[in-house]
Amino acid sequence: MARIIDGKRIAADAREALRLEVEGLRAQGVEPGLAVVIVGEDPASRVYVNMKRKACEAAGIASFHHALPGDVTEAELLRLIGALNGDARVHGILVQLPLPRGIREQRVLEAMDPDKDVDGFHPRNVGLLTIGAPLFPPCTPFGVMELLRVEGIDPAGKHVVVVGRSNIVGKPMALLLLAAHATVTVCHSRTPDLARVVGEADILVAAVGRPRMIVGEWVKQGAVVIDVGTNRLADGSLCGDVDFASVEPRASYITPSPGGVGPMTIAMLLRNTVLSARRRHGL
Ligand code: NDP
């Protein structure tokens, strides 16, 4: 029987600690602020953005919401980013991805002041992460590191297998784990015999986007299993990339999905915003 890592509880604790920290900052005249930019009508993006806004409110962080129509031009979006870069009330800027076709994501990320890039996707921040000195660790992999820390799981010297190499999850995850002295293998859609590689993991991080793809017989007895996957099934329910029912009996620790990594992402976004406000004010 695995220990279930309760991401909801750990995220709630992190958010409560941040709320108290923000109270202290406000007492010193500093109100952390996060600008969230959403373009178009993607329903999932709208849900995420609303969750972020509510989480800001609960933590005492000012939130500035900018909803732009799906046919907005890249130039208009860049103008907004420029304005937010210059707005002293804004310590963090988040542009909800994906962006509609026709807008170059990289161009938008590069336009952002890297000191306000609380998602950690600006090339300067990617570079800092690569040299092991991240300013703002990308929120989802940062959330995974926090889950491991709270559970007392030290990746140092462990073989960690990350399945997925996206810029927002897989790659930054691998870099954070490397910085934490893990031996890291990164797998992707061209990895032959994925089951064999997964079977070598002391710690497995699944960030694929394929419902219940990783099954129990792939997983080493006693492995720590972190499921980043959040997949919506035809019946509307959510599930992870890990087949919880067959993997849980073999794992030592496992995150459910939903209720594991997901809630941590927002908590880490708030953490990066507060960190950015502190840096700006030298606190
Ligand atoms: P992407 O689609 O950007 O990347 C998926 C990765 O998985 C790619 O590297 C791809 O390989 C790899 N992959 C796809 N199919 C296979 C396969 N059959 N075998 C091995 N590797 C495969 O997804 P994201 O990284 O954005 O997201 C991954 C999952 O995490 C999704 O379920 C997403 O919803 C979830 N997620 C959850 C978050 C949260 O909890 N807060 C935040 C972000 C994402 P290749 O590069 O070769 O194409």
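In what follows, residues are counted from 1 in the order of the sequence shown. Numbering of ligands and ligand atoms starts at 1, following listing order.
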Quick test: of every protein heavy atom, which one is nearest to atom 31 (C) of ligand 1, and how far off is it to 0.1 Å? G209 CA, 3.6 Å

For ligand 1, which is the ligand I care about here, please tell me if R210 has any N or O atom under 3.5 Å from one of the ligand's N or O atoms. yes

Donor-acceptor pair, distance only, cut-off 3.5 Å: does the side chain of S257 make one with the backbone of G229? yes

Pick out which of V205, L204, I203, T255 makes a side chain to side chain contact (heavy atoms under 4.5 Å, CB included) with V225. L204

How far apart are the C-alpha atoms of E41 and R46, what are their side-chain angles, what is the distance that settles it, and do they pass the salt bridge (charged side-chain N to carboxylate O under 4.0 Å, His left out) test? CA-CA 7 Å; E41 305 289 331; R46 284 185 172 263; 3.2 Å; yes

Salt bridge flag under 4.0 Å for residues R53 and E57: no

Hey, is A207 one of the residues with a heavy atom under 4.0 angstrom from ligand 1? yes

With the 4.5 Å side-chain cut-off for hydrophobic clustering, are V186 and L148 part of the same group? yes

Please state which protein non-hydrogen atom is closest to atom 9 (O) of ligand 1 and give its distance, to 0.1 Å? R165 N, 2.8 Å

Looking only at non-hydrogen atoms, the one of V198, T230, T255 nearest atom 32 (O) of ligand 1 is T230

Kindly state each residue pair satisfying ring pair (Phe, Tyr, Trp, His ring centres under 6.0 Å) with at least one member in residues 233-282, sequence neighbours excluded. H91-H281

Salt-bridge contact K116-D113 (side-chain N to carboxylate O under 4.0 Å): no

Near N231, which atoms of ligand 1 are under 4.0 Å from a heavy atom of that residue? 32 (O)

Identify the protein heavy atom lying closest to atom 5 (C) of ligand 1, giving its residue, its atom name and the separation to 0.1 Å. V208 O, 3.3 Å

Applying salt bridge (Lys or Arg N to Asp or Glu O under 4.0 Å) as the test, list every pair that has at least one member in residues 207-236; sequence neighbours left out. D202-K220

Relative to the heavy atoms of G164, which atoms of ligand 1 are at a distance of less than 4.0 Å? 6 (C), 7 (O), 9 (O)

Determine whether Y48 and T265 make a side-chain contact, defined as any pair of heavy atoms from C-beta on separated by less than 4.5 Å. no

Subset of ligand 1 atoms that lie under 4.0 Å from at least one heavy atom of V169: 25 (O), 43 (C), 44 (C)

I'd like to check which ligand 1 atoms, numbered from 1 as shown, lie under 4.0 Å from a non-hydrogen atom of T265. 39 (C), 41 (N)

Provide, to 0.1 Å, the distance between atom 40 (O) of ligand 1 and the closest protein heavy atom, together with that atom's residue and name. G262 CA, 3.4 Å

For atom 24 (P) of ligand 1, find the nearest protein heavy atom and state the residue, atom name and distance (0.1 Å precision). S166 OG, 3.7 Å

Give me the residue, atom name and distance of the protein heavy atom closest to atom 20 (C) of ligand 1. H188 O, 3.2 Å

Going by the atom numbers of ligand 1, which of them fall below 4.0 Å from some non-hydrogen atom of I168? 26 (O)

Name the closest protein heavy atom to atom 36 (N) of ligand 1, giving the residue it belongs to and the distance to 0.1 Å. V228 O, 3.8 Å

Any salt bridge linking R124 with D115? Criterion: basic side-chain nitrogen under 4.0 Å from a carboxylate oxygen. yes

Identify, for atom 47 (O) of ligand 1, the protein heavy atom at the shortest distance, and state residue, atom and that distance. S189 OG, 2.5 Å

Near L194 (heavy-atom distance under 4.0 Å), the atoms of ligand 1 are 19 (N), 20 (C)

Validation row: L147, V261 side chains within 4.5 angstrom (heavy atoms): yes

